[in-house]
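Single-structure report; data block below.
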Amino acid sequence: MQTSLPLPNVTPEDLLLGLTLLAPVLVVIATAIVVLVIDLIITDWLSRRPLMWISALGLLGALGACALLWTGGYVGKTAFGGFLALDAFALFFQALFIVAAILVILSATTFANREEVIEAEFYVMVMLSTSGLMLMASGNELMSIYLALEVTSLSLAFLAAWNKRDAIAGQGLKSTEAAIKFFLLSAMSTSVLLYGMALLYGITGATTLADISRVLTGAPSPAALLSVTMLIAGLGFKIAAAPFQLWTPDVYQGAATPATAFFSVGSKAAGFAVILRIFNGALPSISPEWAVLFGVLAFITMTVGNLIAIVQTNIKRLMAYSSITHVGYMLIGLATTKGEGSSAVMFYLLAYTFTNLAAFIIITIMADYAPDDDIAGYTGLAQRSPLLALGLTVALLSLAGIPPFVGFFAKLYLFLAAIQAGSVGLQVLVIWALIMSAVSLYYYGRVIHAMWMRESLEPAPVRAASFSQGLALAASLVGVVLFGIAGRPFLDAAVSASTIFGR
Amino acid sequence: MIALSPDLGRVILQLVLWLPLVGALVVALIGNGRSATLTGEAPLVTSRAWRWATGFAAITFILAAWLFLGFDTSHASNYQFETRLSWLPFGSDYRIGVDGLSMPLVALNALLSLSAIAGSWRITTRQSTYFSLFLILESAVFGVFTASDLFLFFLFWELELIPMFLIIGIWGGARREYAAFKFILYTVAGSAFMLVGIFLIAYFGPRPLTFGIPEIAQFNFSQYGTGIASLGGLAFILLFIGFAVKVPVFPFHTWLPDAHVEAPTAGSVMLAGVLLKMGGYGLLRLCVTLLPQAAHDWQWLLIILAVVNSIYGALVALAQTDLKKMIANSSISHMGYVILGIAALTQVGFHGALLVMLAHGLYSGLLFSMVGLVYDRTHTREVSAMSGLAARMPFIATVFMLAGLASLGLPGLAGFVAEFTTFIGAYGVFPLATILCVCTIAITAGYILWRLGAVLFGPLSPEWATLGDAIWRERIAVGMLAAATLLIGVVPSVVADMSAGGVAPIANAVAQGGQR
Amino acid sequence: MVQTAATILLLPLLAFVLIVFVTRKNQPLSAWLSIIAMGLSALQAIFLVLPFVMSGGTDHYEWQWLRLLPNGVTQGAPEGFLRLGIGVDALAAIMLVVVTSVSFLVQVYSRSYMIEHGHRDPGYSRFFAYLSLFTFSMLVVVLANNLLFLFIGWELVGLCSYLLIGFWFDRTARRGVHLLPPWVAAKKAFLTTRVGDVGFLIGLIVLWNRGGTLQLDELFAQVEHQTGSLFQASLLGQPVIFWACLCLFAGAVGKSGQFPLHVWLPDAMEGPTPVSALIHAATMVAAGVYLVARTYPLFEASHGALTVVAVIGGFTAIFAATMGLASNDIKRVLAYSTVSQLGYMMLALGAGSLAAGMFHLFTHAFFKALLFLAAGSVIHAVGTNDIGEMGGLRKFMPRTYFTMAIGGLSLAGFPFFSGFWSKDDVLVATANGGGPLLLAFALITVFLTAFYTFRMFFLTFHGQFRGPVEAAIDTHGHPAEIDAETHSAGLHESDFWMTGPLIILAIPAVVIGFWGSPFGNHGFQRLLEGNAFVETSVNLPLAAVSSVLAIAGIGTAWLVYGTRAYVSEPLLRFGALYRIVNRRYYIDEFYMWLIDKVVIGAGYALAIFDRQVLDRIVNGIAAAFAVGGRALRTSQTGRVQNYGLVLFGGMAVIAVVVVLVPLVRP
Amino acid sequence: MDFLVPGLRHFLVLGSILFSLGMYGVLSRRNAIGILLSIELMLNGVNLLFVAFARYLTTQQELAGQMFAIFIITQAAAEAAVGLAIIIAIYRQRRTVQVDQLDLMKG
Amino acid sequence: MLGTTDPFQTFVATLTFWIGAVASIAAAYLMVVSIKNMIRAALALTTVLGGVATMYALLGADFLAAAQLVVYVGAIMVLIIFAIFMTPGQIDVPGLVGSRQRLGAMLVSLGVGVISIWVVIREPWKERTTLLDLPTAESIGGLMLTRYVLPFEIASILLTVALIGAIVIAREE
């Protein structure tokens, strides 16, 4: 009987390296704590306004940290015994999450002002959630990934619950309902995910992805297949792939719009980051199987999302189904099992993030004008505010994949990658996806139609609630336009990031 | 015809391509410039948006004309004034150039856009949006005709949809929303197939991966097998579906009558005059050029569709009592000639198809303009509601008749030149089909003279006794088109010199493709 | 000489352009412009071109019109260009003279005809512009040495015919059965000829593809050598050239109003009378004959085609003549006679005599123009076309009466008038090459022609004026001045500008025939056929028979119509037969049924199919997506445990399938 | 009777049974707290798997499974805290914690 | 195979396992299927947790067994029972959802159970020849701060989130 296990030898340098690689995350967390503390000190809520800017600055600092790491030669380093990987892939996603968080925080002012309640928690939670997302992107080990995922899930559940406007206005209690739905389903999916991880651990005896892929070779055993299934189910929930997508519309609708925006981009992108990393990094030997699974899920997902979106009248639900559809497209990229597919998915996520944020920022602004976020409230927006109508039109067209916006390019890269995979099934899937894109133009077009082709019922002009909101909107719209036409550096980044998977 | 240095030409081509877009921005920013509350009789004042938009369109037209005249017709089969910038990864570059195939269509677009914009001065609601959209549309169409990269081509192809969608949907007729959605969904569904075709071509095409049309045109796809079930055949039919929706080819044409009827006049002009040509251009530039072997394999389908299109369109047009519906269906019929010319897969057939596109662009644009002018006055397009209008509006009647005569293929006008070339080109390959198509010109004459006559001739009903003729702005707007129709009809060499060279490489490729 | 020809060609075009763009507002100036241009053309044609060809000269000029192949490419088409060209030869020169001179006289005539009670027609300038454009187009047909150019002119004359028939586009139909408003008549004319033109066009396409050119001399060269696939290849047992000629002939049938495309010509009489004289009697309708004559070597190269021409011509001659019997419209009678005479010309061509056909065309142009102009003079005075409402005009319009008598005699083939010589030529040609049946047709037609011509003549000029006073309204609807003395409307002779051309035309109607007669040493035929002309002995019995028949026809007409008052139509006693003929054998009705019920019916059926079937399928596909959306939407119950069930259930299904079914690696 | 002696598979089966029972509970209990309880049941099943694997498997990283289990317990605690907070909030607003009554949003 | 060859120890362990397993399953079954009252359900879960803790002990995870009892039974269950008491009126309501949902739940959970049991039994696990047998508490402590320091840190973030979240959400307005 041994007395104890030999402990791994961890030097201070190792820890320091690890903390260095964690710097962006740490900056985010530190900012969150600073904001929390300031919030506790200040009692008069009006003076809390700078909290937003502090948060944004902190996040910018984190972005700067990312840039420093990028330029400082830290790319590709791992730390904590391989638990943490700061490769280009991770940095890509970390930067994306930080930008998304900045935009959400900047755009959330209307919302926060109207609450007239503690606003700091919102920023804090967004930032903590962001830290979870960033850790998901760079986690290279099941436990870390799992815990980071839980950080995200719990903070998102919090964000879903955060909308108290409904309660104040007596319109119903949608946000808590959204929160409980998200929370319970998230817990269910987590348990399934854990079961899958347990099986994976059982088969390989390892938890780091590198070790798993080293052990896992040859034809998969039933346990490996069951494990893959459960991982797909657990992570499919995060990205809202059918049939694990049912929470999405309800939660999107119920949550406060900025929270929804964060939901739609953050959780989804991180889910894809994790899927890309686990399936490409740990399970390449099972790729024929999971490729087929992702292909089937892609088909179901985009079909379901599109068809139900056709009959929606609430714009947030519409956006939810639209997001499901986009997940379906991206799953095609996963189904290619190729580096091109991965990089295309990454670029798609970039495109989707900016586009969706642009749309949601306008929906946030419109929350004051469109009761219950009904599409009917957007009637004649082009006359009430041509710029907002133009912005939303641009965003929706980008989502529909109409040039010259980034969504078009993203979709093309993705489908090109799928065609290049050279499988007939994928080609058919691409045709179907393109038909689905055509269909999607119908429901996006309905919003455009309401904005442009109908006379407004109310003549009052529509304005953004604050400067920061306008700034966030402008920034995301610039992204929507520029990343498409001048998207090459970003696509190159995605391509180089996906090379870590070695295929 | 006039010397134009390549460098200057390059700059002018870029200007032609992007100036309308700049114009769109400017027009959007300067606003309407007059209140939109004018009521009653047609206002004779113009809006600032109109003036600026017309100015931009006119400058663009002048530049395009300069380019047209400076085009070296003796090397019409090569891309000229080409600009190439490295753009996207995986082999897609920003490549803009014109050859003998695209140059006439560029000029056509410049002319029709100017005419459509200048003729739209009666628009009273949201002028700046309206004119911006038209200018965006113009740029997009230029892009389609000048891109020599598949990706860029597709980008511009899709870009054109939204302006047209909004133009139909905002300023259209009673069922404008239905028509707008039908238009855009139909086209996007078609381009879905087209995109897959483009991907297949690029993916199985030359290495390293490229989207450049000239490079892919050098590639021999028949190494993957021949026949309609081969890769080439599959890619061809995928591309074809995309273009067939646009052309439109039976049975993908049902969006067209709705879109034409509901669109505002200028929208119909652009739709019939230019947008349909994108389909024919795509067939020539992509389907046939890149996949000559597959074109041979699918020839039977093309020829069947050509005959069906021209006869079906003509017969349906015969049954229409709404002028716009009639012209819309006549477009279907005439685009059948385009398909006929392409289906022949000969130099003369291609040439004819291109000429039909140009001619139809002019006279269908003119016809829609004239319907618009009549509609502005009578507020109806129903044939039975009108009679004897020629007495009150001799200019409109004259030009209307001119357009109608061009449409029915009267020599001396553009339609005859084009149709004759098509027919002689197609007859050698498909005698029976050609004869069937020739027979439709009698039907065309039937509905054109019948309906136009009923509107313009006969006793003037007192209801219309106070209507006025076209004013000078309108006269210039339609006069340009009429003059061009006449010019091409009398002196076809103004375009034929370059278009003959433009289609030559395609005919060459097909001839070689057939031997492969 | 080709420059002169080009000048002749372009002068009317110049007049047209000037009138349209410059002098449109100045009506007299427009008229003078047109007349002067025409006069110059006519003078050049008669005094420059005619002597040139009579001295045996020919000239031609071609230019490249439409590039088919780029520079340096030779493969892909028979020739790199489509060429156009004009040529001057005897055939063209003769037509040139006819067209320019008749056109000039008609324009002079129109100068007054288009003035009604001192008021110029509002479309006065337009009228002259159209006439100029017509003349230009007709000259293109005449001068073209290339089938494509000929076709261009061919279509343009059709257009001018359309424009001129529908000149009074705002009028409604005149009183009467089955009369059409002018614009409808114009449309009918255009569309009917269009049917023939489709054939012409197909002929061109075939010739270009099989013969490799549309240049006439090159095609004739192929005929000489019998080379090329035109002659080698065959279709349905006939060489391609036969079908090509048939296609060309289809165009001629349409344009020259031959059966079965004759229906438009009577209705074309809704146009102003000068137009009828110029276009629908002298020139354009003769273009069909001219086309066959122009391409005669091709027809000769395929005997079957000539036979078809002869049969169609012979049948049309007698067929139209019968219809002329039963018409009471002065212009329609003339129109039927035109159709009939054109049938004669076709018959002669088909029987193998180019010269006979062209000779009859030549003389016919003058006397028929004369007849029409005279009829126009009558109509201008009386204000109606109905000979039932005329009568006794001899007293009021002596010059018209006299000239019309000359024209009538010439048409009837009264001995030694122009028509007699040319008709005799036709009969001889028929006797030589057409067979007994066609000869019988031709001879019967001689009688019928004489009869209906003088039926019309006697009813118009002899007896008592039968027109009701209140019906005597002029062509613009103003009531005519009542002449109390004669109890008739203000009937008076037309002015000098109208009678002058009548008198001038009467001269050739009498004498021009001598040019081609034995007394003129067959000058016309020699000019046309050159050395190929073979002097045939005069067929005296035939000439005698035809003279007798003509005189008999005139005499019968005198007995029936000249000797008693016209109360009711004597021919009514033929009952059903009369009705059938009067209704033009119900052919128009049949065509209307064909177009209305079959063609347009098919259009309506397809239109319904388009909207109700195709469009519904498309919309149905779109609706299917929405239905699917609504169905799938029910899965979104809002209950979290349903969602959980789907989540776990989906996972379970996937798990079972993945674990138990070897999907990828069997 | 050797099969009665607990080995790896005994624990795995036990864990799986607990997991499925928990799943049934999650799907069938109306009370949100009941669902939370069932989720804990599922997590315990998974934990049992991890711990069993940690004991029986050949591996370079001994105790990894136990570490995993510890973190799962930690997470369960955090989850319970947040979950119960949401449930309490719901109860305050609606006076019910039965999840099948929470269907304001659907379709 | 329990890491011991001693028959008595084996017998005791076997007996313990089966008693613990049957008790856990029975309690779990009762909890999810038949118990309506939430308090009792919570107590049934506690029983399961105890059974699982026993299993941990059998598996040589002494620290984990203790943690299970302390954290789960001591903290989480107390928390849950508090929550149950804070939702009066909801304790005794009809416990289960409608029959269709229940049928579906039964099928699905049965399916998942069967497939997972089938898989874990059939899978050729790479079992070690000699079992590791050592007190784990010390090793776990050491590992937590060395190899597993990253998950440890993330767990701390997680707890922070839970703390803030729970407070803000549950706070009365």
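In what follows, chains are A, B, ... by sequence order, proteins preceding strands, each numbered from 1.
Proximity to chain E (any heavy atom under 4.5 Å) is shown, for D:Glu79, by neither the backbone nor the side chain. Both the backbone and the side chain of D:Leu48 come within less than 4.5 Å of a heavy atom in chain E. Within the 4.5 angstrom heavy-atom criterion, only side-chain atoms of D:Leu14, from C-beta onward, approach chain E. Residue E:Ala41 touches chain D through both its backbone and its side chain, counting heavy-atom pairs closer than 4.5 Å. Contacts of E:Val120 with chain D are made by both backbone and side-chain atoms, with heavy-atom separations under 4.5 Å. Only the side chain of D:Phe71 comes within contact range of chain E, with heavy atoms under 4.5 Å apart. No part of D:Ile35 comes within reach of chain E, as not one of its non-hydrogen atoms sits under 4.5 angstrom from that chain. With a 4.5 angstrom heavy-atom cutoff, E:Met77 touches chain D only via side-chain atoms. With a 4.5 angstrom heavy-atom cutoff, D:Ile33 touches chain E via backbone and side-chain atoms both. Residue contact with chain E, scored on non-hydrogen atoms closer than 4.5 Å, involves the backbone and the side chain of D:Ala64 alike. With a 4.5 Å cut-off on non-hydrogen atoms, E:Leu79 touches chain D through its backbone and its side chain both.
Among the candidates D:Thr96, D:Ile17, D:Leu49, D:Leu36, the residue making the largest number of heavy-atom pairs closer than 4.5 Å to chain E is D:Thr96. Of all the listed residues (D:Asp100, D:Val82, D:Leu41, D:Val13), the one sharing the greatest number of non-hydrogen pairs under 4.5 Å with chain E is D:Leu41. Among D:Thr74, D:Ile70, D:Ile86, the residue making the largest number of heavy-atom pairs under 4.5 Å with chain E is D:Ile70.
Looking at D:Glu40 and E:Val48, their side chains never come closer than 4.5 Å, going by heavy atoms from C-beta outward. The side-chain heavy atoms of D:Pro6 and E:Thr14, taken from C-beta on, include a pair separated by under 4.5 Å. Taking the side chain as every heavy atom from C-beta outward, D:Phe11 and E:Met55 approach each other to under 4.5 Å. The side-chain heavy atoms of E:Val52 and D:Leu18, taken from C-beta on, include a pair separated by under 4.5 Å.
Remark: the backbone N or O of E:Glu123 is paired with a side-chain donor or acceptor of D:Arg9 at under 3.5 angstrom.
A search for ring-ring contact (aromatic ring centres under 6.0 Å, His included) contacts involving D:Phe53 returns E:Trp125, not counting sequence neighbours.
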